[in-house]
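Numbers for residues simply follow the sequence, beginning at 1. Both ligands and their constituent atoms are indexed starting at 1 by order of listing. Only heavy atoms go into these numbers, but all of them, side chains included; no hydrogens, no water, no symmetry mates.
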Amino acid sequence: MSAEDEKRLAGEAAAGRVENGMTVGLGTGSTAAWFVKALAARLGPGFAVKGVPTSEATAALARDLGIPLLTLDDARRIDLTVDGADEIGPGLSLIKGGGAALLREKLVWEASDRCLVIADAAKRVETLGKFPLPIEVVAFGHKQTANRITDVLAEHDIGMPPRLRLKDGQPVVTDGGNLIYDAACGRIESPAALAEGLKSLTGVVEHGLFLDLADEGILGVGAAVQWLAP
Ligand code: 5RP
């Protein structure tokens with residue numbers, strides 16, 4: 001089984017958790033896309049849902065597949081959000097934002113009654129930090145903000161300065177019009193303290209540490225799925 005198969009299995013298992021009439025947060029990335037496809041395949045007489053997308057890319061996919069969408073503001077409540085992750089650490093602590101959607105993802109996650117993280121087996125780690133931590137910053141003065149991020153990282157014994165995320169030589173611009181810096185942390189010994197330090201910086205919009213947000217997880221492991229609890 002490939003990682004893609006594991007992502008598909010996790011996405012399909014998550015779609016099975018959705019109940020008729022739910023408002024569902026739709027995550028971003030390749031694993032979340034499997035979930036969105038499996039959810040759309042269930043639509044029909046006796047099964048209707050509304051989706052709240054976490055990115056323009058997911059909104060386009062869901063629209064193509066016929067899932068009715070709501071904006072976050074129009075959704076009175078979100079019953080369940082299903083989304084992928086770049087790393088799943090102890091207690092279902094997560095690094096997210098590899099797809100540059102972390103801000104909208106966190107807004108939707110925080111507005112949800114329950115959050116389910118889905119991933120392939122390789123995403124499970126003992127300590128967060130091998131995957132570079134995405135940090136979304138406003139474009140104005142972003143190099144100054146990056147210097148301040150470097151200082152906060154140094155307080156956490158992380159010596160590498162964050163790197164501006166580029167695609168085809170150009171800065172990646174998020175759906176919110178911001179930029180992404182990726183911090184190669186190696187090991188994040190105190191995720192909550194690092195999260196607080198980053199969030200305190202003017203210019204930092206959000207970071208990819210999702211702590212105490214996931215209620216459960218589904219990991220594709222070979223041909224099976226494994227359920228994870230915090
Ligand atoms: C997007 C995310 C994704 O959930 C994360 O990058 C995992 O992506 P994939 O399922 O493609 O491995 O956080 O911002």
Side-chain angles (χ1 to χ4, degrees), residues 1-15 24-39 51-62 72 78 80-89 92-110 112 115-125 128-137 162-163 165-167 171-185 188 191 195 198 204-211 213-221 225-226 228:
M1 284 290 210
S2 65
E4 204 55 35
D5 289 323
E6 292 180 342
K7 291 178 183 197
R8 178 177 51 78
L9 287 174
E12 289 172 355
V24 186
L26 307 174
T28 296
S30 55
T31 319
W34 283 115
F35 164 72
V36 172
K37 286 176 201 161
L39 183 63
V52 180
T54 55
S55 63
E56 297 299 328
T58 296
L61 174 66
L72 179 54
I78 300 173
L80 173 71
T81 284
V82 178
D83 199 353
D86 299 299
E87 282 188 346
I88 303 178
L92 296 187
S93 57
L94 309 174
I95 287 182
K96 285 185 51 57
L102 63 113
L103 175 59
R104 290 192 186 186
E105 289 171 337
K106 202 174 273 188
L107 284 164
V108 170
W109 279 56
E110 289 184 350
S112 303
C115 296
L116 170 55
V117 60
I118 54 175
D120 56 291
K123 301 286 177 61
R124 190 103 188 261
V125 297
L128 294 177
K130 196 167 172 201
F131 188 91
L133 176 64
I135 303 165
E136 184 160 346
V137 305
R163 298 183 62 156
R165 191 181 298 182
L166 303 175
K167 189 174 178 200
V172 168
V173 179
T174 68
D175 286 345
N178 301 311
L179 304 177
I180 298 278
Y181 276 82
D182 292 302
C185 298
I188 301 175
L198 291 171
V204 168
V205 181
E206 197 45 80
H207 53 75
L209 284 165
F210 281 49
L211 309 175
L213 284 174
D215 297 291
E216 55 184 334
I218 305 178
L219 214 55
V221 183
V225 292
Q226 185 183 332
L228 306 175

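Set against the non-hydrogen atoms of Gly84, the atoms of ligand 1 under 4.0 Å away are 4 (O). Close contacts between ligand 1 and Gly98 involve ligand atoms 6 (O), 13 (O), 14 (O) [criterion: under 4.0 Å to a heavy atom]. Of all the atoms in ligand 1, the ones that sit under 4.0 Å from a non-hydrogen atom of Thr28 are 1 (C), 2 (C), 3 (C), 4 (O). Atoms of ligand 1 found under 4.0 Å from any heavy atom of Gly29, numbered from 1 in the order shown, are 11 (O). With ligand atoms numbered from 1 in the order given, ligand 1 contributes 14 (O) to contacts under 4.0 Å with heavy atoms of Ala101. Counting the atoms of ligand 1 from 1 in the order shown, those under 4.0 Å from a heavy atom of Gly97 are 2 (C), 13 (O), 14 (O).
Applying the 6.0 Å contact sphere to NZ of Lys130 captures no more than 12 heavy atoms from other residues, nucleotides or ligands.
Comparing heavy-atom distances from atom 1 (C) of ligand 1 across Glu105, Glu136, Lys7 singles out Glu105 as nearest. Taking only non-hydrogen atoms, the option from Ala33, Gly99, Ala32 nearest to atom 14 (O) of ligand 1 is Gly99. Here the shortest heavy-atom distance to atom 8 (O) of ligand 1, taken over Leu103, Thr174, Asp86, Leu102, belongs to Asp86.
Ion pairing between Glu56 and Arg104 holds under the 4.0 Å rule for side-chain N and carboxylate O. A salt bridge links Arg8 with Glu12; the closest basic N to acidic carboxylate O contact falls under 4.0 Å. A salt bridge links Asp83 and Lys96; the closest N-O separation between the charged side-chain nitrogens and carboxylate oxygens is under 4.0 Å. Ion pairing between Asp182 and Arg163 fails under the 4.0 Å rule for side-chain N and carboxylate O.
By the 3.5 Å distance cut-off applied to N or O atoms, Lys123 is counted among the residues near ligand 1.
Within the 4.0 Å heavy-atom cutoff, Ala100 counts among the residues contacting ligand 1.
Contacts of Asp83 with ligand 1, taken as heavy-atom pairs under 4.0 Å, involve the side chain alone. Only the backbone of Ala85 comes within 4.0 Å of ligand 1, judged by heavy-atom distances.
When only non-hydrogen protein atoms are considered, atom 10 (O) of ligand 1 lies nearest to Thr31 OG1, 2.5 Å. The protein non-hydrogen atom at the shortest distance from atom 9 (P) of ligand 1 is Ser30 OG, 3.3 Å.
Rounding to the nearest 0.5 angstrom, the gap separating the CG atom in Leu133 from the CG atom in Asp86 is 9.5 Å.
Taking the side chain as every heavy atom from C-beta outward, Arg165 and Leu179 never approach each other to under 4.5 Å.
Remark: side-chain polar atoms of Lys7 are not paired, donor with acceptor, to backbone N or O of Trp34 under 3.5 angstrom.
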Worksheet entry | Test log, rule side-chain contact (heavy atoms from CB on, under 4.5 Å), inputs Val117 and Asp215 | CA-CA 8 Å; Val117 60; Asp215 297 291; over 6 Å; no
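Annotation: cation-pi pair Lys106/Trp109 absent, no NZ/CZ under 6.0 Å from the ring centroid and within 45° of its normal.
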